[in-house]
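Read through the structure below, which is laid out as C-alpha cells, and then see the notes.
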Amino acid sequence: MWPVPGVAQVDRAAGPLVRPYTMTGGRTRPAASGLDMISIVVAARERVDWAALEPEHAAILRLSRRPISVAELSAQLDIPMTVVKVLLGDLIAQGDVFTRAPTPVADLPELNVLQAVLDGIRRL
C-alpha cells in the first residue's frame with residue numbers, strides 16, 4: 001500500500017531507507033505491555049498536532065481512525081511488528097490511541113445441547 005505519506009520509502013535494491021532502530025530511538029520493547037498481533041488499535045482523538053509527531057506515529061494514527069489490528073498496521077506500513085508495538089507504546093502513553101483485545105469468538109455449544117436441538121427437530 002505504498003506510498004504511505006510520511007513513512008520511509010523502500011529502495012527495492014537497498015531495502016528500507018530508515019532502519020527500525022532509528023524509528024524507535026533504539027528501543028526494542030514497547031512501553032505498553034499486553035500488545036499482541038491481534039490487539040485492536042483505535043485513535044483516541046479527533047484533533048492531533050500532526051507537526052509534533054514522527055512520520056511513523058502519524059501514519060499509525062491515520063490508519064487507526066477505524067479499528068485496526070497491530071498485524072494489519074504492520075502489514076500496511078511495511079514496518080516490522082516489533083517496531084509497530086514500540087511506536088504504539090509511545091502513542092498509548094501520550095493518550096493518542098486506545099488498544100483492546102479482539103472480541104472473543106463465541107464458545108461453541110456443547111454437544112448435548114446440539115443433540116437436544118436435533119432430537120427436537122426430528123420430533124416435529
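The figures that follow rest on heavy atoms only: side chains count, while hydrogens, waters and symmetry mates do not.
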Check [X] against [Y] and note the closest heavy-atom contact, atom names and distance.
{"X": "S69", "Y": "M37", "result": "CB-O, 3.8 Å"}
{"X": "P67", "Y": "I40", "result": "CB-CG2, 3.7 Å"}
{"X": "S74", "Y": "P80", "result": "OG-C, 3.7 Å"}
{"X": "I79", "Y": "E56", "result": "CD1-CG, 4.0 Å"}
{"X": "A44", "Y": "G95", "result": "CB-O, 3.4 Å"}

Report the distance from atom [atom1] of [X] to atom [atom2] of [Y], rounding to the nearest 0.5 Å.
{"X": "L53", "Y": "L91", "atom1": "CG", "atom2": "CG", "value": "7.0 Å"}
{"X": "R62", "Y": "L77", "atom1": "CZ", "atom2": "CG", "value": "10.5 Å"}
{"X": "S64", "Y": "E72", "atom1": "OG", "atom2": "CD", "value": "12.5 Å"}
{"X": "L63", "Y": "I68", "atom1": "CG", "atom2": "CD1", "value": "5.0 Å"}
{"X": "L61", "Y": "L73", "atom1": "CG", "atom2": "CG", "value": "10.0 Å"}

Using modelled atom types and a 3.5 Å cut-off, is there a donor and acceptor pairing between side-chain atoms of R100 and backbone atoms of V42?
no

Do [X] and [Y] have side chains that get closer than 4.5 Å, going by heavy atoms?
{"X": "T82", "Y": "K85", "value": "no"}
{"X": "V70", "Y": "D36", "value": "no"}
{"X": "T99", "Y": "I92", "value": "yes"}

Just by distance, with hydrogens left out, do Q94 and D90 show a side-chain donor and acceptor under 3.5 Å apart?
no

Hydrophobic clustering (ILVMFWY, side-chain heavy atoms < 4.5 Å, transitive) - are I38 and M81 grouped together?
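In one cluster with M81: I38, yes.
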
